[in-house]
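Heavy-atom basis, side chains included; hydrogens, waters and symmetry copies ignored. Each chain gets a letter, A, B and so on, in the order its sequence line appears, and its residues count up from 1.
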Protein chains: 2
Amino acid sequence: MDSKSAAENFIERMGVISQADGQTRISGRILGLLIVEGRPFTLGEMAERLQISKASASTNARLLRTSGVIRLVSHAGDRQDYYELGTDPYRRMMATVGERLANIGAEVLEAEASFPPNDMDTRRRVHQLADFYLRMAERLKDWSDHPENGPAPAPRHNS
Amino acid sequence: MDSKSAAENFIERMGVISQADGQTRISGRILGLLIVEGRPFTLGEMAERLQISKASASTNARLLRTSGVIRLVSHAGDRQDYYELGTDPYRRMMATVGERLANIGAEVLEAEASFPPNDMDTRRRVHQLADFYLRMAERLKDWSDHPENGPAPAPRHNS
DNA sequence: AGTCTCGTTCAGTCAACACTGAACGAACTG
DNA sequence: CAGTTCGTTCAGTGTTGACTGAACGAGACT
(Lines give C-alpha, C1' and ligand atoms only; values in the text may rest on other atoms or scores of the structure.)
Protein backbone atom coordinates (compact mmCIF):
# COMPACT_ATOMS: atom_id res chain seq x y z
CA MET A 1 0.00 0.00 0.00
CA ASP A 2 2.86 2.30 0.81
CA SER A 3 4.47 1.16 -2.40
CA LYS A 4 1.28 1.98 -4.24
CA SER A 5 1.10 5.54 -2.97
CA ALA A 6 4.79 6.06 -3.72
CA ALA A 7 4.12 4.93 -7.26
CA GLU A 8 1.12 7.21 -7.63
CA ASN A 9 3.11 10.08 -6.21
CA PHE A 10 5.93 9.49 -8.66
CA ILE A 11 3.55 9.18 -11.59
CA GLU A 12 1.87 12.40 -10.64
CA ARG A 13 5.19 14.20 -10.33
CA MET A 14 6.17 13.00 -13.75
CA GLY A 15 2.96 14.49 -15.06
CA VAL A 16 3.75 17.86 -13.55
CA ILE A 17 7.32 17.77 -14.86
CA SER A 18 6.09 16.88 -18.32
CA GLN A 19 3.62 19.71 -18.25
CA ALA A 20 6.23 22.21 -17.09
CA ASP A 21 8.39 21.04 -19.99
CA GLY A 22 5.76 22.00 -22.50
CA GLN A 23 4.52 18.45 -22.97
CA THR A 24 1.14 17.18 -21.88
CA ARG A 25 0.52 16.02 -18.35
CA ILE A 26 -0.77 12.66 -19.43
CA SER A 27 2.28 11.79 -21.50
CA GLY A 28 4.43 12.32 -18.43
CA ARG A 29 2.15 10.15 -16.36
CA ILE A 30 2.27 7.38 -18.93
CA LEU A 31 6.05 7.53 -18.94
CA GLY A 32 6.06 7.50 -15.15
CA LEU A 33 3.76 4.50 -15.11
CA LEU A 34 5.97 2.52 -17.45
CA ILE A 35 9.07 3.42 -15.44
CA VAL A 36 7.51 2.46 -12.15
CA GLU A 37 5.93 -0.78 -13.23
CA GLY A 38 8.65 -1.86 -15.62
CA ARG A 39 6.37 -3.97 -17.74
CA PRO A 40 4.34 -3.48 -20.92
CA PHE A 41 0.90 -1.91 -20.59
CA THR A 42 -2.07 -1.91 -22.91
CA LEU A 43 -3.94 1.29 -23.66
CA GLY A 44 -6.86 -0.02 -21.66
CA GLU A 45 -4.69 -0.71 -18.64
CA MET A 46 -3.20 2.75 -18.82
CA ALA A 47 -6.62 4.35 -19.08
CA GLU A 48 -7.89 2.44 -16.06
CA ARG A 49 -4.81 2.89 -13.91
CA LEU A 50 -4.36 6.59 -14.69
CA GLN A 51 -8.10 7.33 -14.71
CA ILE A 52 -8.02 8.82 -18.18
CA SER A 53 -9.99 8.21 -21.33
CA LYS A 54 -8.85 5.67 -23.89
CA ALA A 55 -8.61 8.52 -26.36
CA SER A 56 -6.02 10.32 -24.27
CA ALA A 57 -4.07 7.13 -23.69
CA SER A 58 -3.99 6.46 -27.40
CA THR A 59 -3.01 9.96 -28.42
CA ASN A 60 -0.32 10.45 -25.81
CA ALA A 61 1.14 6.98 -26.27
CA ARG A 62 1.40 7.71 -29.95
CA LEU A 63 3.14 10.97 -29.12
CA LEU A 64 5.67 9.26 -26.92
CA ARG A 65 6.17 6.57 -29.51
CA THR A 66 7.11 9.00 -32.28
CA SER A 67 10.02 10.23 -30.18
CA GLY A 68 11.09 6.67 -29.44
CA VAL A 69 10.73 7.02 -25.69
CA ILE A 70 8.29 4.13 -25.58
CA ARG A 71 7.81 1.36 -28.08
CA LEU A 72 4.95 -0.78 -29.27
CA VAL A 73 5.30 -4.50 -28.65
CA SER A 74 2.93 -7.16 -29.83
CA HIS A 75 2.30 -10.44 -28.10
CA ALA A 76 1.52 -13.37 -30.33
CA GLY A 77 -2.10 -14.33 -30.06
CA ASP A 78 -3.07 -11.02 -28.48
CA ARG A 79 -4.61 -8.26 -30.51
CA GLN A 80 -3.96 -5.61 -27.93
CA ASP A 81 -1.16 -3.04 -28.29
CA TYR A 82 1.38 -3.23 -25.51
CA TYR A 83 3.62 -0.26 -24.82
CA GLU A 84 6.87 -0.46 -22.92
CA LEU A 85 9.92 1.70 -22.40
CA GLY A 86 12.07 1.93 -25.51
CA THR A 87 15.76 1.18 -25.58
CA ASP A 88 17.71 4.02 -23.99
CA PRO A 89 14.61 6.17 -23.61
CA TYR A 90 16.54 9.07 -22.15
CA ARG A 91 19.02 9.19 -24.99
CA ARG A 92 16.03 9.35 -27.29
CA MET A 93 14.65 12.23 -25.30
CA MET A 94 17.94 14.06 -25.69
CA ALA A 95 18.05 13.34 -29.38
CA THR A 96 14.53 14.67 -29.77
CA VAL A 97 15.39 17.87 -27.93
CA GLY A 98 18.49 18.17 -30.07
CA GLU A 99 16.46 17.91 -33.25
CA ARG A 100 14.12 20.60 -32.07
CA LEU A 101 17.02 22.91 -31.28
CA ALA A 102 18.55 22.20 -34.68
CA ASN A 103 15.27 23.15 -36.33
CA ILE A 104 15.12 26.37 -34.36
CA GLY A 105 18.71 27.14 -35.29
CA ALA A 106 17.96 26.63 -38.97
CA GLU A 107 14.91 28.85 -38.64
CA VAL A 108 16.97 31.62 -37.07
CA LEU A 109 19.51 31.28 -39.87
CA GLU A 110 16.69 31.78 -42.33
CA ALA A 111 15.61 34.88 -40.49
CA GLU A 112 19.18 36.15 -40.54
CA ALA A 113 19.31 35.79 -44.31
CA SER A 114 16.26 38.01 -44.65
CA PHE A 115 18.07 41.00 -43.19
CA PRO A 116 19.72 43.40 -45.61
CA PRO A 117 23.45 42.71 -46.05
CA ASN A 118 24.49 46.14 -44.81
CA ASP A 119 23.00 45.56 -41.36
CA MET A 120 26.21 43.96 -40.24
CA ASP A 121 25.66 44.37 -36.52
CA THR A 122 22.12 43.06 -36.59
CA ARG A 123 23.10 40.07 -38.66
CA ARG A 124 25.95 39.32 -36.29
CA ARG A 125 23.68 39.37 -33.24
CA VAL A 126 21.08 37.19 -34.93
CA HIS A 127 23.81 34.86 -36.11
CA GLN A 128 25.06 34.47 -32.55
CA LEU A 129 21.61 33.30 -31.55
CA ALA A 130 21.49 30.79 -34.40
CA ASP A 131 24.94 29.61 -33.45
CA PHE A 132 23.83 29.06 -29.90
CA TYR A 133 20.99 26.81 -30.96
CA LEU A 134 23.05 24.93 -33.52
CA ARG A 135 25.97 24.34 -31.18
CA MET A 136 23.62 23.23 -28.46
CA ALA A 137 21.92 20.83 -30.86
CA GLU A 138 25.23 19.40 -32.03
CA ARG A 139 26.47 18.88 -28.49
CA LEU A 140 23.28 17.09 -27.57
CA LYS A 141 23.63 14.94 -30.65
CA ASP A 142 27.22 14.09 -29.74
CA TRP A 143 26.21 13.21 -26.25
CA SER A 144 23.30 11.04 -27.25
CA ASP A 145 25.64 9.23 -29.63
CA HIS A 146 28.33 8.78 -26.98
CA PRO A 147 26.59 8.61 -23.63
CA GLU A 148 29.60 7.08 -21.91
CA ASN A 149 31.42 10.42 -21.84
CA GLY A 150 30.55 13.18 -19.45
CA PRO A 151 30.32 13.86 -15.74
CA ALA A 152 28.68 11.74 -13.06
CA PRO A 153 28.71 8.33 -14.70
CA ALA A 154 25.89 6.14 -13.54
CA PRO A 155 26.82 3.45 -11.02
CA ARG A 156 27.10 0.21 -12.93
CA HIS A 157 24.64 -2.46 -12.02
CA ASN A 158 24.61 -6.04 -13.20
CA SER A 159 21.26 -6.74 -14.74
CA MET B 1 11.43 49.16 -44.99
CA ASP B 2 12.60 45.73 -45.98
CA SER B 3 14.81 45.80 -42.92
CA LYS B 4 11.80 46.72 -40.85
CA SER B 5 9.73 43.80 -42.02
CA ALA B 6 12.67 41.44 -41.55
CA ALA B 7 12.96 42.70 -38.00
CA GLU B 8 9.26 42.26 -37.33
CA ASN B 9 9.39 38.81 -38.85
CA PHE B 10 12.32 37.82 -36.66
CA ILE B 11 10.67 39.23 -33.54
CA GLU B 12 7.52 37.31 -34.27
CA ARG B 13 9.41 34.09 -34.84
CA MET B 14 11.15 34.54 -31.54
CA GLY B 15 7.76 34.87 -29.93
CA VAL B 16 6.59 31.60 -31.42
CA ILE B 17 9.80 29.83 -30.42
CA SER B 18 9.49 31.13 -26.90
CA GLN B 19 5.91 29.96 -26.70
CA ALA B 20 6.80 26.51 -28.01
CA ASP B 21 9.49 26.34 -25.35
CA GLY B 22 6.95 26.80 -22.62
CA GLN B 23 7.74 30.47 -22.12
CA THR B 24 5.39 33.31 -22.92
CA ARG B 25 5.15 34.70 -26.41
CA ILE B 26 5.84 38.23 -25.28
CA SER B 27 9.07 37.37 -23.50
CA GLY B 28 10.37 35.92 -26.74
CA ARG B 29 9.36 38.99 -28.65
CA ILE B 30 11.09 41.25 -26.15
CA LEU B 31 14.25 39.18 -26.47
CA GLY B 32 13.96 39.31 -30.26
CA LEU B 33 13.51 43.06 -30.16
CA LEU B 34 16.62 43.59 -28.04
CA ILE B 35 18.63 41.29 -30.28
CA VAL B 36 17.52 42.99 -33.46
CA GLU B 37 17.90 46.55 -32.31
CA GLY B 38 20.98 46.04 -30.20
CA ARG B 39 20.27 48.98 -27.92
CA PRO B 40 18.55 49.49 -24.57
CA PHE B 41 14.78 49.90 -24.57
CA THR B 42 12.44 51.35 -22.01
CA LEU B 43 9.25 49.51 -21.04
CA GLY B 44 7.25 52.19 -22.80
CA GLU B 45 9.21 51.76 -26.00
CA MET B 46 8.75 48.00 -25.89
CA ALA B 47 5.03 48.36 -25.29
CA GLU B 48 4.64 50.72 -28.22
CA ARG B 49 6.88 48.83 -30.62
CA LEU B 50 5.44 45.40 -29.82
CA GLN B 51 1.88 46.66 -29.45
CA ILE B 52 1.48 45.25 -25.97
CA SER B 53 0.39 46.70 -22.66
CA LYS B 54 2.88 48.23 -20.28
CA ALA B 55 1.83 45.61 -17.77
CA SER B 56 2.94 42.79 -20.04
CA ALA B 57 6.18 44.56 -20.86
CA SER B 58 6.91 45.01 -17.18
CA THR B 59 6.06 41.45 -16.18
CA ASN B 60 7.89 39.74 -19.00
CA ALA B 61 10.95 41.96 -18.75
CA ARG B 62 11.11 41.12 -15.07
CA LEU B 63 10.86 37.45 -15.99
CA LEU B 64 13.73 37.68 -18.46
CA ARG B 65 15.74 39.68 -15.96
CA THR B 66 15.54 37.05 -13.25
CA SER B 67 17.23 34.56 -15.57
CA GLY B 68 19.90 37.10 -16.46
CA VAL B 69 19.09 37.09 -20.16
CA ILE B 70 18.46 40.82 -20.13
CA ARG B 71 19.67 43.37 -17.64
CA LEU B 72 18.40 46.64 -16.24
CA VAL B 73 20.54 49.70 -16.96
CA SER B 74 19.94 53.17 -15.61
CA HIS B 75 20.93 56.36 -17.34
CA ALA B 76 21.90 59.24 -15.07
CA GLY B 77 19.22 61.92 -15.03
CA ASP B 78 16.60 59.58 -16.49
CA ARG B 79 14.07 57.91 -14.28
CA GLN B 80 13.09 55.35 -16.88
CA ASP B 81 14.23 51.74 -16.73
CA TYR B 82 16.27 50.66 -19.71
CA TYR B 83 16.63 47.00 -20.53
CA GLU B 84 19.36 45.58 -22.72
CA LEU B 85 20.82 42.16 -23.47
CA GLY B 86 22.80 40.80 -20.54
CA THR B 87 26.37 39.59 -20.82
CA ASP B 88 26.48 36.21 -22.53
CA PRO B 89 22.70 35.92 -22.57
CA TYR B 90 22.76 32.48 -24.14
CA ARG B 91 25.09 31.07 -21.54
CA ARG B 92 22.66 32.36 -18.97
CA MET B 93 19.83 30.62 -20.76
CA MET B 94 21.77 27.38 -20.63
CA ALA B 95 22.55 27.86 -16.96
CA THR B 96 18.87 28.49 -16.23
CA VAL B 97 17.83 25.35 -18.03
CA GLY B 98 20.54 23.46 -16.18
CA GLU B 99 19.22 24.65 -12.84
CA ARG B 100 15.73 23.53 -13.73
CA LEU B 101 17.00 20.09 -14.72
CA ALA B 102 18.97 19.85 -11.48
CA ASN B 103 15.82 20.64 -9.53
CA ILE B 104 13.91 17.98 -11.42
CA GLY B 105 16.69 15.49 -10.77
CA ALA B 106 16.61 16.22 -7.06
CA GLU B 107 12.84 15.85 -7.09
CA VAL B 108 13.09 12.46 -8.75
CA LEU B 109 15.68 11.39 -6.20
CA GLU B 110 13.20 12.34 -3.49
CA ALA B 111 10.56 10.26 -5.17
CA GLU B 112 12.99 7.35 -5.40
CA ALA B 113 13.59 7.50 -1.66
CA SER B 114 9.88 7.14 -1.01
CA PHE B 115 9.80 3.69 -2.55
CA PRO B 116 10.17 0.71 -0.22
CA PRO B 117 13.75 -0.59 -0.12
CA ASN B 118 12.82 -4.04 -1.34
CA ASP B 119 11.56 -2.71 -4.69
CA MET B 120 15.03 -2.92 -6.09
CA ASP B 121 14.03 -2.91 -9.74
CA THR B 122 11.68 0.01 -9.41
CA ARG B 123 14.21 2.04 -7.49
CA ARG B 124 16.83 1.30 -10.12
CA ARG B 125 14.62 2.48 -12.95
CA VAL B 126 13.63 5.63 -11.12
CA HIS B 127 17.25 6.23 -10.24
CA GLN B 128 18.22 6.01 -13.89
CA LEU B 129 15.76 8.79 -14.62
CA ALA B 130 17.16 10.95 -11.82
CA ASP B 131 20.64 10.25 -13.11
CA PHE B 132 19.66 11.37 -16.55
CA TYR B 133 18.43 14.72 -15.30
CA LEU B 134 21.36 15.26 -12.98
CA ARG B 135 23.95 14.36 -15.59
CA MET B 136 22.22 16.58 -18.11
CA ALA B 137 22.19 19.45 -15.61
CA GLU B 138 25.85 19.00 -14.81
CA ARG B 139 26.79 18.91 -18.43
CA LEU B 140 24.86 22.08 -19.14
CA LYS B 141 26.63 23.69 -16.22
CA ASP B 142 29.96 22.66 -17.67
CA TRP B 143 28.98 24.05 -21.03
CA SER B 144 27.90 27.37 -19.64
CA ASP B 145 31.13 27.57 -17.66
CA HIS B 146 33.35 26.64 -20.61
CA PRO B 147 31.66 27.90 -23.76
CA GLU B 148 34.89 27.69 -25.75
CA ASN B 149 34.76 23.91 -25.93
CA GLY B 150 32.50 22.05 -28.25
CA PRO B 151 31.77 21.89 -31.96
CA ALA B 152 31.21 24.83 -34.29
CA PRO B 153 32.98 27.58 -32.37
CA ALA B 154 31.53 31.03 -32.95
CA PRO B 155 33.61 33.33 -35.17
CA ARG B 156 35.47 35.72 -32.92
CA HIS B 157 34.68 39.37 -33.32
CA ASN B 158 36.56 42.29 -31.79
CA SER B 159 34.10 44.40 -29.86
C1' DA C 1 -22.18 -12.84 -42.21
C1' DG C 2 -22.52 -11.33 -37.41
C1' DT C 3 -20.55 -9.90 -33.26
C1' DC C 4 -17.11 -8.48 -30.27
C1' DT C 5 -13.04 -6.00 -29.01
C1' DC C 6 -9.67 -3.32 -30.01
C1' DG C 7 -7.48 1.54 -31.57
C1' DT C 8 -8.25 5.89 -33.70
C1' DT C 9 -10.51 10.20 -34.91
C1' DC C 10 -13.16 14.27 -34.23
C1' DA C 11 -16.21 17.71 -32.42
C1' DG C 12 -17.17 19.69 -28.01
C1' DT C 13 -15.98 21.15 -23.32
C1' DC C 14 -13.41 22.82 -19.72
C1' DA C 15 -9.62 24.79 -17.28
C1' DA C 16 -5.22 27.04 -17.20
C1' DC C 17 -2.85 31.07 -18.17
C1' DA C 18 -1.15 34.84 -20.91
C1' DC C 19 -2.54 39.31 -21.53
C1' DT C 20 -5.03 43.66 -20.60
C1' DG C 21 -6.93 47.86 -18.23
C1' DA C 22 -7.17 50.37 -14.25
C1' DA C 23 -5.78 51.51 -9.84
C1' DC C 24 -1.94 52.12 -6.85
C1' DG C 25 2.71 53.49 -5.07
C1' DA C 26 7.04 55.73 -5.63
C1' DA C 27 10.19 59.13 -7.00
C1' DC C 28 11.19 63.38 -9.01
C1' DT C 29 9.83 68.49 -10.49
C1' DG C 30 7.89 72.84 -10.11
C1' DC D 1 2.76 70.45 -1.47
C1' DA D 2 0.31 69.55 -5.82
C1' DG D 3 1.34 67.51 -10.18
C1' DT D 4 3.63 64.37 -13.30
C1' DT D 5 5.65 60.24 -14.89
C1' DC D 6 7.30 56.25 -14.20
C1' DG D 7 6.81 50.87 -12.77
C1' DT D 8 4.10 47.45 -10.52
C1' DT D 9 0.05 44.89 -8.99
C1' DC D 10 -4.37 42.77 -9.43
C1' DA D 11 -8.89 41.48 -10.87
C1' DG D 12 -11.05 40.44 -15.17
C1' DT D 13 -11.06 38.62 -19.82
C1' DG D 14 -9.99 36.03 -23.83
C1' DT D 15 -7.88 32.26 -26.00
C1' DT D 16 -5.30 28.29 -26.52
C1' DG D 17 -5.11 23.49 -26.09
C1' DA D 18 -5.49 19.30 -23.30
C1' DC D 19 -8.87 16.11 -22.35
C1' DT D 20 -13.25 13.65 -22.96
C1' DG D 21 -17.22 11.03 -25.09
C1' DA D 22 -19.07 9.09 -28.96
C1' DA D 23 -18.86 7.47 -33.44
C1' DC D 24 -16.16 4.97 -36.71
C1' DG D 25 -13.05 1.38 -38.81
C1' DA D 26 -10.34 -2.77 -38.58
C1' DG D 27 -9.52 -7.38 -37.52
C1' DA D 28 -10.54 -11.84 -35.20
C1' DC D 29 -13.38 -15.56 -33.69
C1' DT D 30 -17.75 -18.27 -34.02
Side-chain angles (χ1 to χ4, degrees), chain A residues 8 11-34 40-67 69-84 100, chain B residues 8 11-34 40-67 69-84 100:
Chain A
E8 304 309 318
I11 290 173
E12 223 53 41
R13 289 199 189 201
M14 286 296 292
V16 174
I17 291 172
S18 171
Q19 195 173 24
D21 254 327
Q23 313 293 321
T24 71
R25 183 186 309 203
I26 288 185
S27 72
R29 289 175 36 168
I30 290 177
L31 180 59
L33 173 64
L34 295 184
F41 269 75
T42 69
L43 292 177
E45 286 175 322
M46 294 181 194
E48 188 190 12
R49 170 69 173 269
L50 300 179
Q51 296 279 52
I52 59 178
S53 67
K54 278 201 318 179
S56 288
S58 174
T59 300
N60 284 279
R62 184 187 192 84
L63 199 65
L64 285 170
R65 196 167 76 89
T66 59
S67 57
V69 176
I70 71 178
R71 80 159 74 96
L72 178 66
V73 294
S74 55
H75 281 145
D78 194 341
R79 290 202 292 112
Q80 299 182 69
D81 290 353
Y82 287 84
Y83 286 97
E84 67 179 7
R100 205 178 87 243
Chain B
E8 304 308 319
I11 289 173
E12 223 53 40
R13 287 200 191 200
M14 286 297 292
V16 173
I17 291 171
S18 172
Q19 196 173 22
D21 252 327
Q23 313 292 322
T24 70
R25 182 187 309 204
I26 288 187
S27 72
R29 290 173 42 172
I30 290 178
L31 181 59
L33 173 64
L34 295 184
F41 269 75
T42 68
L43 292 177
E45 286 175 322
M46 294 180 194
E48 189 189 12
R49 170 68 173 270
L50 301 178
Q51 295 281 50
I52 59 178
S53 68
K54 279 203 316 179
S56 288
S58 173
T59 300
N60 285 278
R62 185 187 190 85
L63 199 65
L64 285 170
R65 195 166 76 88
T66 59
S67 57
V69 177
I70 70 177
R71 81 158 74 96
L72 178 65
V73 293
S74 55
H75 281 145
D78 193 340
R79 291 202 291 113
Q80 298 183 69
D81 289 354
Y82 286 85
Y83 285 96
E84 65 179 8
R100 205 178 89 243

Note: for B/R65 and A/G77 on DNA chain D, the residue whose nearest nucleotide lies more 5' is B/R65
Any heavy-atom pair between the side chains of B/R49 and B/E8 that's under 4.5 Å?
yes
note: A/L43, atom CG; C/dT9, atom P; distance rounded to Å ~ 12 Å
note: B/I30, atom CD1; C/dA18, atom P; distance rounded to Å ~ 13 Å
Query raised in the report: Should B/M14 and B/R29 count as side-chain neighbours, where that means a heavy-atom distance under 4.5 Å?
Result: no
Please state whether the phosphate of D/dG7, meaning OP1 or OP2, lies under 4.0 angstrom from any side-chain nitrogen or oxygen of B/S58. no
Here the distance between atom P of C/dA16 and atom CD of B/Q19, to the nearest Å, is 18 Å
Regarding the side chain of B/N60, the nearest nucleotide among C/dA27, D/dC19, C/dC19 is C/dC19
Rounded to whole Å, the NZ-P distance (A/K54 to D/dA23) equals 14 Å
note: A/R79, atom CZ; C/dT3, atom C1'; distance rounded to Å ~ 11 Å
Of D/dT20, D/dT8, C/dT20, the nucleotide closest to the side chain of B/Y83 is D/dT8
Q) Is the phosphate of D/dA18, meaning OP1 or OP2, less than 4.0 Å from a side-chain N or O of A/T24? A) no
Output for pair (B/E48 CD, B/T42 OG1), nearest 0.5 Å, gives 9.0 Å
note: B/D81, atom CG; D/dT5, atom P; distance rounded to Å ~ 17 Å
B/T59 has its side chain closest, among D/dT9, D/dC6, D/dT20, to D/dT9
note: B/L72, atom CG; D/dT8, atom C1'; distance rounded to Å ~ 13 Å
B/M46 CE to C/dT20 P, in whole Å, measures 14 Å
B/S53 has its side chain closest, among C/dT20, C/dA27, C/dG7, to C/dT20
- prompt: Do A/R100 and B/D21 come within less than 4.5 Å of each other through their side chains, counting heavy atoms only?
  reply: yes
When B/L64, B/L43, B/V73 are each screened for side chain to side chain contact (heavy atoms under 4.5 Å, CB included) with B/Y83, the one that passes is B/L43
